[in-house]
Amino acid sequence: MKRREFAKLGLFSAGALIFPFGCRMNSTPPIIGGDEKLFLNEQDFERIRENIKRFDWAKKRFEVLKNNACRSEDEYFNSHWRGSWRQWSTGQYLKYIAIYYRLTGEDTNLIQIKKHLINEFKLDKMETPFNKLGLPVSKAIWSWGMSRMNYFWAWDMVKNHPLMSSIKDALMIRFEEITRQYFQYEDNFIGRLGNTQFWGISAMGVMGFLTSNEEAIERSINGKFGFKTVLENKIRDGKFWPEPTNYTIHYVLCAMSLLAEASRMNEYEDLYHYVSPGGGSMKGIIDGLFEICYPQGLLVSNGDAAYRAITNSNGEIVKNQYSGGYLFDDPSDRVVNKFEIFYKAYKDPRYAWVINKQEDRFCLDVTVWGDNTLTHGIPLENEAVPSFKSSVFKRFGHALISTVEGEEYWNGKSNILHVRNGNTTQYHGNDDPFHIDLFVNGKMIYLDWDLSWNYLAPKPSRNNRNKTPISHYSLGHNTVVVDKKGPDKRRYQLPQRVEEFNDIVFSEIEDSGRMKTVSLEGSIYNGVTQRRTLGITPNYLVDIFDCVSDDIHTYDYILHDEGRFEFYTKIDLEDYDDFNKDYKLEPIDSESKEEGNSWLRKGKKGFVNESWQGGFTDEDEKRVIINVGGEEGTEVFATNTPMFVGNGWDDTPENIKRISKPVLIIRRVCKATKFIVVHQLTNLDKPFKVNRERNKIEIITADYSDVIELKGDSISLTSK
């Protein structure tokens, strides 16, 4: 590996008196550092100390660091994010103790680091190889390394302190064992590369830098699954990792930044600015996130962990807030903001804009980096609001189209259409071809809802109790389901062993007056061609879904939203309770006998041949009105499904069990049909009047009249 040519950084600091305060509130002892291999060295600590002297934002973060470093591990764990393995939280705690020591010389709590290292790496049982004591030589080693990454970092900062001398040799033996385990992981357990496998490769590289193992470094950067190979072969549309965006911002960019920082520390090449022959780069991935972000910071997503309910401390669902991937302003406790690191590397003014979205400057990454405002923050030189442009990303499988573009996009006063083509077959995908979401003047409509109970189901992690996870099925999306089942050409595979396919084709975005249009077409059911043409305006969405076949099929147009669904047109309705039988859905939890343990609850059905109106209402406020074109033999169904299922149905709190989201199904049984739906998005107290002719739709309001003409595969708008 070729090292960059520049002077060695100073590696040893002794006797430096930095801050006259600490856990013991006495004079500061010498700081014994040097020879750091991972993410911070003495030059970095000098920068942090200077920031603390000069800037209020750094002083505030230092006070928080001091508080964390001077408490017990139990106190830290009970007051911080506890969403996964305890080692995840404990590693952050140990790292903060180490950083506090390297800044101040306060070493009172270093014994905590030593104690946890001895316990975690079984340093009192050196006669037995580590893999015999619990290190998983399996596909699980990626998560083992991720949750312990801060153990490695903490050690790197304090390894020269006299307290650590008695465990130094033993720990290096363990680190070498771990590195060899990662070699076995790469050689024997990676069949396809998802975010978890790339995390494992990156952890191998971190261990390589920590132990000066050139083979591990080489594999992690230049190997068949390494950093550079990923940028050349894995990235879609030059910007996107081919899994839901949550995994990009949580894991992939975290793993990449670990390698880039370790490479910087050890004077290897600058991975932050590496561009692959095909144009892939780490910065390109970061910048791509701005292009698939709603104005409130929520990233468009799909598949596992798309959007979930957030519960408050009282166990109640918080309205209009969702757990998902966020570029900024994440309302959940699993925050993964790394923009201080990115700004330090690139000085991009848009990254400063993200940093300044917080009232108090603070970027937190629970995965590894923790408080990166303190560790990587530098003065912000310039800030620039990003300029948004509606785009289609055909290989990634997303389109995001807004009625307002440019810098004004981020004000949130617009209608935004998100469309999925169902690609790709990569890990964590769902069967979501032709799916739509909407953002309407600050409110999310028709979300891609993912239930936590469905995550990775059905798999052993759920003990196979959740046999039909509705979030994974086409039924769980805003699309058309044919013959009450998922696509014949499966849109996702958990273990990917075949090449991806992309048989749904996006059009380009076209402008017609004040309407932006896009369409997508493909055949995912044998013998059936589907085409969805969409036109978004500041007031409504025109949605035309064609299904054509030589044979008779059952076509179900499905919409999910929040609140409740009401029919405004009088339709004779009767009770219906065969939804689960129709779609072959087993109980939510096969081990539960409690009431309500079914995905689709008892609802209503009726027949309607003419055009009709209905809408989704949240409490007393209308969310959206739909005007549906008539067709002989149309059957309509209204039902509901749980909004939240926790750790099985029995463990879901009773107050949350009662909360559901409505589902509308419009069914036609025929060879071919055309669902024509106008979704009214504004002035909902004054429903549109909609007139339909063979190839024309007229929308009449008190303020304007729009004529929408259907011209073959496209639509055009004329306003009066």
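For the numbers below, each heavy atom of this structure counts, side chains included, while hydrogens, waters and symmetry mates do not. Sequential numbering from 1 along the given sequence is applied to the chain's residues.
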If we ignore angles and hydrogens, is there a donor and acceptor under 3.5 Å between the side chains of [X] and [Y]?
X: Arg308; Y: Ser332; value: no
X: Asn302; Y: Asn430; value: no
X: His472; Y: Asp304; value: yes
X: Glu316; Y: Asn312; value: yes

Is any side-chain heavy atom of [X] closer than 4.5 Å to a side-chain heavy atom of [Y]?
X: Leu374; Y: Ile52; result: yes
X: Asn41; Y: Met265; result: yes
X: Thr367; Y: Met149; result: no
X: Asn246; Y: Leu299; result: no
X: Asp371; Y: Tyr96; result: yes
X: Met282; Y: Leu253; result: yes
X: Leu40; Y: Arg47; result: yes
X: Val230; Y: Trp241; result: yes

Minimum heavy-atom separation for [X] to [Y], with atom names?
X: Gln112; Y: Leu94; result: O-CD2, 3.8 Å
X: Asn464; Y: Pro458; result: OD1-CB, 3.6 Å
X: Pro162; Y: Ile32; result: CD-CD1, 3.6 Å
X: Asp329; Y: Gln358; result: OD1-OE1, 3.7 Å
X: Gly303; Y: Asp448; result: N-OD2, 3.8 Å
X: Arg174; Y: Phe121; result: NE-O, 2.8 Å

side-chain contact (heavy atoms from CB on, under 4.5 Å) partners of [X], counting only residues at least two apart:
X: Gln321; result: Ile310, Val318, Pro331
X: Ala345; result: Tyr272
X: Thr128; result: Lys132, Leu133
X: Asp589; result: Trp453, Arg465, Glu591, Ser592, Asn597, Trp649

Under the rule for ring-ring contact (aromatic ring centres under 6.0 Å, His included), what residues qualify as partners of [X], not counting sequence neighbours?
X: Tyr76; answer: His80, Tyr93
X: Phe342; answer: Phe339
X: Tyr247; answer: His428
X: His161; answer: Tyr101

Tell me whether [X] contacts the main-chain N or O of [Y] through its side chain, where contact means a donor paired with an acceptor under 3.5 Å.
X: Lys168; Y: Asn160; result: no
X: Asn213; Y: Ala216; result: yes
X: Lys37; Y: Asp35; result: no
X: Glu340; Y: Cys363; result: no
X: Asp330; Y: Val335; result: no
X: Thr652; Y: Lys657; result: no
X: Asp365; Y: Val368; result: yes
X: Ser263; Y: Leu259; result: no

Exercise. Would Tyr351 and Ile286 satisfy side-chain contact (heavy atoms from CB on, under 4.5 Å), going step by step from the backbone distance to the final call?
Worked result: CA-CA 10 Å; Tyr351 302 175; Ile286 300 168; 3.4 Å; yes

Exercise. Step by step, would you call Ile97 with Val158 a side-chain contact (heavy atoms from CB on, under 4.5 Å)?
Worked result: CA-CA 10 Å; Ile97 292 173; Val158 302; over 6 Å; no

Problem set entry | For Phe152, the option from Leu117, Leu38, Leu171 that meets side-chain contact (heavy atoms from CB on, under 4.5 Å) | Leu38

Problem set entry | More than 12 heavy atoms of other groups within 6.0 Å of Glu359 CD | no

Exercise. How about Lys283: does its NZ atom have over 12 heavy atoms from other parts shown lying under 6.0 Å from it?
Worked result: yes

Exercise. Would the Tyr100 and Phe62 ring centres measure less than 6.0 Å apart?
Worked result: yes

Exercise. Taking the six-membered ring for Trp, are the ring centroids of Tyr251 and Phe198 within less than 6.0 Å of each other?
Worked result: no

Problem set entry | CA sep, side-chain torsions, deciding dist, call: Lys114, Ser166, side chain to side chain donor-acceptor pair (under 3.5 Å) | CA-CA 10 Å; Lys114 184 174 183 178; Ser166 62; 2.9 Å; yes

Exercise. Excluding sequence neighbours, so at least two apart, what forms side-chain hydrogen bond (donor to acceptor under 3.5 Å, both in side chains) with Lys159?
Worked result: Asp156

Exercise. Which of these, Tyr322, Phe644, Tyr307, sits in a ring pair (Phe, Tyr, Trp, His ring centres under 6.0 Å) with Trp449?
Worked result: Tyr322

For this session: Measure up the Tyr182 and Tyr185 rings against each other and bin them: parallel (under 30°), tilted (30 to 60°), perpendicular (over 60°).
Result: perpendicular

Cationic N near anionic O, under 4.0 Å, [X] to [Y]:
X: Lys59; Y: Glu63; value: no
X: Lys228; Y: Glu269; value: yes
X: Lys224; Y: Glu186; value: no

Exercise. Sequence neighbours excluded, which residues qualify as salt bridge (charged side-chain N to carboxylate O under 4.0 Å, His left out) partners of Glu46?
Worked result: none

Exercise. Who pairs with Arg86 by salt bridge (charged side-chain N to carboxylate O under 4.0 Å, His left out), at least two apart in sequence or on another chain?
Worked result: Glu73, Asp74

Problem set entry | Derivation and outcome, side-chain contact (heavy atoms from CB on, under 4.5 Å), residues Arg102 and Glu42 | CA-CA 8 Å; Arg102 289 292 279 108; Glu42 183 56 32; 3.2 Å; yes

For this session: Quick one: which residue pairs count as a ring pair (Phe, Tyr, Trp, His ring centres under 6.0 Å) with a foot in residues 33-58, not counting sequence neighbours?
Result: Phe39-Trp153, Phe39-Trp369, Phe55-Trp57

For this session: With side-chain contact (heavy atoms from CB on, under 4.5 Å) as the test, would you mind laying out the steps for Arg219 and Ile201 before giving the verdict?
Result: CA-CA 8 Å; Arg219 285 192 185 205; Ile201 294 297; over 6 Å; no

